[in-house]
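Everything on this sheet refers to the single structure shown next.
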Amino acid sequence: MKKGVLLVNLGSPDSPDPKDVKKYLGEFLMDERVIDVPLWARTLLVKGIILNTRPKASAAAYKKIWWKNGSPLIVLSEQLQERVQESVDYPVALAMRYGSMTIKKGLQELVDKGVDDVFLIPLYPQFAMATTETILVLAEQIRQDHFPNITMNSLPAFYNNPDYIEVLSNSIARHLNDKDYEHLLFSYHGVPERHIRKSDITKSHCKIDGSCCVTPSPAHEFCYRHQCLEVTRLVAEKLGFAPGTYSTSFQSRLGFDPWLQPYTDRTIERLGKEGIKNMAIVTPAFVSDCLETLEEIAMEGEEIFHEMGGKEFTTIPCLNADMPWVNLLSKWITNWATSKKETV
């Protein structure tokens with residue numbers, strides 16, 4: 001069997017024009033694993049309200065961070081794909097869960113090169129319904145419908161993989177090397193609390209009560225909150241951070257339902273009010289910089305911090321196409337391709 005790799009990231013509008021943003025948001029928000037309510041309610045909310053109010057504001061946000069050569073997320077993901085391709089002996093394609101760079105196109109590209117054994121890599125360190133799960137479900141459906149003769153295995157969540165923690169930790173340390181910061185905030189993309197409970201395979205462990213995420217359980221394999229907190233803990237341990245010099249928060253909430261807390265914007269506000277003058281922030285739920293990191297954090301977050309009296313606000317880039325990250329992905333790919341067991 002000829003092996004190949006499909007990297008899958010979130011996606012982006014084709015342009016920051018409101019029409020393209022509206023089309024993209026429609027696909028994204030109508031995903032039943034993103035807004036997990038009955039179809040009628042989701043349709044009413046998304047098509048009746050959000051798509052009539054949000055695209056213009058979102059387009060303005062995209063325009064702030066759009067690069068001359070396109071969407072930062074797409075450009076950085078393409079750079080990653082190119083460098084990984086240079087490092088491995090197997091065809092490597094790139095796809096997005098939403099937008100015009102579809103998973104079907106990515107699989108077709110591999111099939112056209114003779115690939116019939118695919119290693120699917122969702123570019124998310126942590127498992128979540130609205131990220132990893134929706135990619136895996138859609139990819140399998142596309143495989144069954146259009147490519148029934150190929151086999152497909154996927155990279156599991158790698159949030160606690162020692163090699164990943166080392167790469168992430170080294171990146172953070174490098175960007176903080178000459179910074180005189182007082183507090184490092186680990187900001188992860190938020191999800192509704194109900195997503196945590198829905199993903200609980202034990203149906204009883206995830207109570208989001210302060211103790212369940214640190215109490216061993218099979219539920220942790222699919223618990224986004226636990227996996228985020230674990231990344232923070234492992235990096236802090238690796239870099240020897242003193243208690244009180246770092247914390248975890250969650251960004252990008254939508255709607256009125258309870259989302260994971262504490263919220264990033266309120267945490268930045270609190271740190272400023274408490275007298276922190278120099279802070280840094282890292283976003284380990286993403287491997288590629290995007291709207292949420294470049295606009296919501298690096299622009300809006302910094303503005304909040306300055307309004308609260310803060311001075312220096314350091315945004316640590318995602319791993320993007322850094323060579324240590326490229327080398328690690330290449331190692332995982334080679335291990336998969338040369339092993340009889342689909343493990344990394």
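F250 and Y224 have tilted rings, their planes meeting at an angle from 30° to 60° on a 0 to 90° scale. Under the 30°/60° scheme for interplanar angles, the aromatic rings of Y181 and F241 are found to stand perpendicular. Classification of the H226-Y159 ring pair by plane angle, with boundaries at 30° and 60°, yields perpendicular.
With sequence neighbours left out, the side chain to side chain donor-acceptor pair (under 3.5 Å) criterion links D36 to R194, H195, K198. Under the side-chain contact (heavy atoms from CB on, under 4.5 Å) criterion, K19 pairs with D17, sequence neighbours left out. Among residues two or more places apart in sequence or in another chain, the side-chain contact (heavy atoms from CB on, under 4.5 Å) test is passed with R42 by M30, E32, I35, V37, L39, V46. For the side-chain contact (heavy atoms from CB on, under 4.5 Å) test, residues two or more places apart in sequence or in another chain that qualify with R233 are E230, E237. Annotation: side-chain contact (heavy atoms from CB on, under 4.5 Å) contacts of V137 (sequence neighbours excluded): R33, E133.
Salt bridge absent: R83 and D322 never bring a charged side-chain N and a carboxylate O closer than 4.0 Å. By the 4.0 Å N-to-carboxylate-O rule, E274 lies close enough to R270 to be salt-bridged with it. By the 4.0 Å N-to-carboxylate-O rule, K273 lies close enough to E269 to be salt-bridged with it.
Clustering of Ile, Leu, Val, Met, Phe, Trp and Tyr by side-chain heavy atoms under 4.5 Å joins F127 with I201, F222.
For H183 and S247, the side-chain atoms include at least one donor-acceptor pair closer than 3.5 Å. One side chain, T232 or Y188, offers a donor N or O that lies under 3.5 Å from an acceptor on the other. A donor-acceptor contact under 3.5 angstrom links the side chains of Y98 and D31, judged on distance only. Between the side chains of D20 and S15, at least one donor N or O sits under 3.5 Å from an acceptor N or O. Remark: the E296 side chain and the S252 side chain contain an N/O donor-acceptor pair separated by less than 3.5 Å. For the 3.5 Å distance criterion, the side chains of N149 and D116 fail to qualify, holding no donor opposite an acceptor. Using modelled atom types and a 3.5 Å distance limit, the side chains of T283 and S187 yield no donor-acceptor pair.
K56 NZ: 12 or fewer foreign heavy atoms inside a 6.0 Å radius.
Atom CG in N177 sits 13.5 Å away from atom CD1 in I172 (nearest 0.5 Å). Between K331 atom NZ and N335 atom CG the span is 6.5 Å, to the nearest 0.5 Å.
In this structure, W332 has its ring center closer than 6.0 angstrom to the ring center of F158.
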